[in-house]
Each structure stands twice: as structure tokens, then as C-alpha cells.
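Okay, so here's the structure we're looking at.
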Amino acid sequence: MGRKVLVLAETRDGVLRNVSFEALSAAQKIAEGGEIAAAVFGQGISGVASQLAQYGANQVYLVEDENLKQYTPDAFTQATVQILAKVEPDVILLGHTAIGKDLAPRVAAKLGLGLISDATELALDGGEIIFTRPIYSGKAFQKKKIIDGKVFATIRPNNIALVEADPSRQAEEIAFPVEIKDLRTIVKEVARKAVGGVDLSEAKIVISGGRGVKSKEGFAPLQELADLLGGAVGASRGACDAEYCDYSLQIGQTGKVVTPDLYIACGISGAIQHLAGMSSSKVIVAINKDPEAPIFSVADYGIVGDLFEVVPMLTEELKHI
Ligand code: FAD
């Protein structure tokens, strides 16, 4: 008979985040022939429905309201509760993003649903869904299943393999008006930092700098390599604390968690709190002057050397590929 899966798709500036397609790919794995629906919140968002269909959504609920233009906990919680009452899914999936991390526990607590946060894998075992999630800052993995009832799960970006998009697939588009009232928070203005470039949490390649980068200017060769490879620049907390870069670049236990295909750590010692944010990267390259640096214990490739020599050499070499 299958199960009904609802994906709460996330947009940024009207563009769907990649993790929404990953959630739909996971939904295809666990639906077992059941229905897959997606819901998008915002205003002027109807253009995204066809993309959600390509990744497997049978129905796309367009939840348009001026209070949903920007994320606020109470407006999104109210809208989610109403869409869940309509769709009645067995499983609700969304990205483990800043929004997902805030929204999922709120709604789960309000409705008394189970919550699995930061899932890196979903699999079926005898008809039950087994969710894998990292614990102890990524040192171990826990497998969880829901014994009874509905479940909310947030999906760590860049972990679930994407299904191939099928441009011929179409979904039923359903306008779903919601009633949002008694708001305690409203967004008056969004002030953005001029970070630009590739989104760090979804980047396929991350070039990260630590205290070994030594100054703001020291990040320039890392940025050049990232630009060449279409990647993003990240940092250790050591580099952020030393004011070499903005805290929005911090990776680790108290920063962002990234899972790129390639992570190049430059002048980063590899403290456990940093590893918590990057150790699940698919390929890790460490560049460090100190052969004893702990980062080498998690690296697939290690280069013992001065990053100011190695990084420009790497960039130069890659320019010719
Ligand atoms: P360092 O440890 O000083 O390492 C610098 C490295 O650069 C050294 O290994 C050195 O050999 C190398 N180096 C120097 N010059 C060069 C050169 N020219 N070429 C090549 N290599 C060179 N840290 C995080 O990163 N993220 C977090 O989220 C985080 N959260 C934390 C939470 C808590 C509660 C606590 C207590 C700490 C947290 N930390 C976090 C801090 C963490 O413990 C480390 O202090 C920090 O990661 C160190 O940053 P670093 O590796 O850049 O600096």
C-alpha cells in the first residue's frame, strides 16, 4: 500500500534549495509505492512546482501568503500544521538547514510527532524506515526507527544521492490558502552580508582556512582556488576568532556542517570541534606545516607544507586541466 511522504521544500530568493531535491529522492526510497507530495511556502512561488515534479512529487501544494515571504517561526509553524492536517502524511521530510532545524522540532512538539534530526541516510528494512544520523560530533552513527506514528525528519544537505530528474514528469499543483494569525514575530527588514558566491552548506567543494592563514589577506589564495573550482570558502573557528574572516564561514560543532565532495583544509589543526562539521566530507585534503597535526588522521590526502606555497601551486596546476 505504501506510505505517504510530504517534503517541505525550501526556497531561497525564490530558488529551490538542493536539499529539497535530496529529500524528494529519499522520499522515493521510502514511499514504497505510496504518494509523494511537496509543499512550498512563500509568495510568487508557483514556478518551482515543475522542478519538484521532476524529482518525484505527485502533488505540489503552493502555500502562498504574504506572511510566508520570509521565515518566521510562528507563521511557518501555523502553515505547517495546516498543511499536515490536509495532507496527513506518514513521514515529513525537510532539510537540516537553519529553517529546518527550527521548524521541525516546533511542529513535532506541537503535534506530538516523532522527530529524527540530521539524518544522513534513509533505508528500508523489512518495511520499516531506518534513519542513520551522526552522534558524538560525527564520531559514531546511530540507527533509529519509528515504532509507532508519524515522523518528522530533517535531512543533512549533500548526503542523500539525488535521483535523476525526469523532465517529462508533471505534478498536480494545488493552491493551498492558509490562515495565519496572532503573529508574535514579523520580519521588517532583511540585512544581508555581502558574502555572495556559492552557498557554503550546499557547496560540492569547500576550501577552508584556519589560523595558519594568518590574516584576512591570507584567505585570498584560498578564494582564488575556490573560484576556479566553483567551490566555497570556509573557515575554522580559530580563523574567525582571529578576525581573518566572517563567522558565517565557520565550520564545526558551533558553526556549519558541510558534506562536500571535496574539502581542502588549509592551516587547520583538526580540533575535534572542527572535525564535527566536516569529517563526513567525501574526500578530505589537508595542507599543514606540522606533520603531527590531527587533521591528517581524517584526511584522505595529506600535504605537509606551507599553504602559501602549496595552494598557489595547486591553483596554477588546476588552471591547465
Ligand atoms: P590552530 O589549532 O591554531 O591550528 C593552526 C594550524 O595551522 C596548525 O596546525 C599549524 O601547524 C598550521 N599552520 C600554521 N601556519 C601554516 C602554514 N603557513 N601552512 C600550513 N599550515 C600552517 N573550532 C572550529 O573550527 N569550529 C567550531 O565549530 C568550533 N566550535 C568549538 C566549540 C567549543 C565549545 C570549543 C571549546 C571550541 C570550538 N572550536 C571550534 C575551537 C577548536 O577547539 C580549535 O580551537 C579551532 O578549531 C582551532 O582552529 P585552527 O585549526 O584554525 O587553529
Side-chain angles (χ1 to χ4, degrees), residues 96-98 100-102 117-118 120 133-140 154 156-159 193 195 199-203 205-226 228-229 231-260 262-318:
H96 193 70
T97 58
K101 280 188 247 184
D102 191 63
S117 91
D118 202 14
T120 50
R133 60 184 297 275
I135 52 170
Y136 303 127
S137 298
K139 276 191 179 158
T154 61
R156 183 182 282 200
N158 270 348
N159 271 271
K193 285 191 174 157
V195 177
D199 180 355
L200 181 56
S201 32
E202 291 192 338
I205 296 178
V206 174
I207 317 295
S208 220
R211 226 181 322 244
V213 164
K214 294 194 177 70
S215 65
K216 267 186 192 167
E217 296 69 38
F219 266 92
L222 277 59
Q223 186 68 57
E224 196 185 343
L225 180 57
L228 179 72
L229 299 176
V233 168
S236 70
R237 179 155 146 191
C240 300
D241 284 346
E243 299 183 359
Y244 301 161
C245 62
D246 192 84
Y247 277 104
S248 59
L249 302 189
Q250 185 184 319
I251 290 167
Q253 189 182 317
T254 43
K256 294 195 165 83
V257 174
V258 296
T259 318
L262 174 63
Y263 187 90
I264 306 184
C266 311
I268 294 178
S269 59
I272 183 70
Q273 295 91 352
H274 186 75
L275 303 186
M278 47 62 76
S279 60
S280 54
S281 303
K282 286 158 198 116
V283 175
I284 298 172
V285 177
I287 304 168
N288 198 303
K289 281 203 300 201
D290 174 8
E292 303 297 326
I295 190 77
F296 287 124
S297 65
V298 296
D300 299 284
Y301 301 95
I303 303 172
V304 178
D306 186 331
L307 72 94
F308 294 106
E309 287 171 21
V310 177
V311 174
M313 264 161 60
L314 207 55
T315 307
E316 213 34 56
E317 196 63 33
L318 290 169

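Computed from heavy atoms alone, side chains included, the values below leave out hydrogens, waters and symmetry copies. When a ligand or atom number is given, it counts from 1 through the structure's own listing order. Bear in mind that the values here come from a model prediction, so they are computed numbers and not experimental data.
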Nearest option to atom 9 (O) of ligand 1, as decided by whichever heavy atom of Asp290, Asn288, Ile287, Ile272 sits closest: Asn288
Considering only non-hydrogen protein atoms, determine which one is nearest to atom 39 (N) of ligand 1 and report residue, atom name and distance to 0.1 Å. Gln273 CB, 3.5 Å
Please indicate whether any nitrogen or oxygen in Gly210 is less than 3.5 Å from any nitrogen or oxygen in ligand 1. no
From Ser208 atom OG to Leu200 atom CG, the distance as rounded to the nearest 0.5 Å: 7.5 Å
Any protein heavy atom sitting closer than 4.0 Å to atom 5 (C) of ligand 1? yes
Which residue and non-hydrogen atom of the protein lie closest to atom 41 (C) of ligand 1, and at what distance in Å? Arg237 CB, 4.2 Å
Give the atoms of ligand 1, by number and element, whose distance to some non-hydrogen atom of Gln253 is under 4.0 Å. 27 (C), 28 (O)
Is Gly267 in polar range of ligand 1, meaning some N or O pair under 3.5 Å apart? yes
If you measure every N/O of Ala239 against every N/O of ligand 1, is any gap under 3.5 Å? no
Atom 51 (O) of ligand 1 - nearest protein heavy atom and its distance: Ser269 N, 2.8 Å
In a check of salt bridge (charged side-chain N to carboxylate O under 4.0 Å, His left out) between Asp118 and each of Lys101, Arg156, Arg133, which one passes? Arg156
So for Gly305, does at least one of its heavy atoms come nearer than 4.0 angstrom to any atom of ligand 1? yes
Heavy-atom closest pair, residues Val311 and Cys266: CG2-SG, 3.9 Å
By number and element, which atoms of ligand 1 are closer than 4.0 Å to a non-hydrogen atom of Thr254? 27 (C), 28 (O), 29 (C), 30 (N), 31 (C), 32 (C)
So the atoms of ligand 1 within less than 4.0 Å of a heavy atom of Ala271 turn out to be 42 (C), 43 (O), 44 (C), 47 (O)
Looking at atom 46 (C) of ligand 1, what's its closest protein heavy atom, distance included? Gly238 N, 4.0 Å
In ligand 1, which numbered atoms sit nearer than 4.0 Å to a non-hydrogen atom of Ile251? 24 (C), 25 (O), 26 (N), 27 (C), 28 (O)
When rounded to the nearest 0.5 angstrom, what distance separates NZ in Lys289 from CZ in Phe308? 9.0 Å
One finds that the ligand 1 atoms under 4.0 Å from a non-hydrogen atom of Gly255 are 28 (O)
Protein contact to atom 13 (N) of ligand 1 [nearest heavy atom, distance to 0.1 Å]: Gly212 CA, 3.7 Å
Mark yes when over 12 heavy atoms from residues, nucleotides or ligands other than Lys216 sit less than 6.0 Å from its NZ; otherwise mark no. no
Quick test: of every protein heavy atom, which one is nearest to atom 27 (C) of ligand 1, and how far off is it to 0.1 Å? Gln250 NE2, 3.1 Å
Looking only at protein heavy atoms, which one is nearest to atom 48 (C) of ligand 1, and what is the separation? Arg211 NH2, 3.9 Å
In this structure, atom 21 (N) of ligand 1 is nearest to the protein heavy atom Lys289 N, 3.2 Å
Taking atom OH as the centre, does Tyr247 end up with more than 12 heavy-atom neighbours from other residues, nucleotides or ligands that are less than 6.0 angstrom away? yes
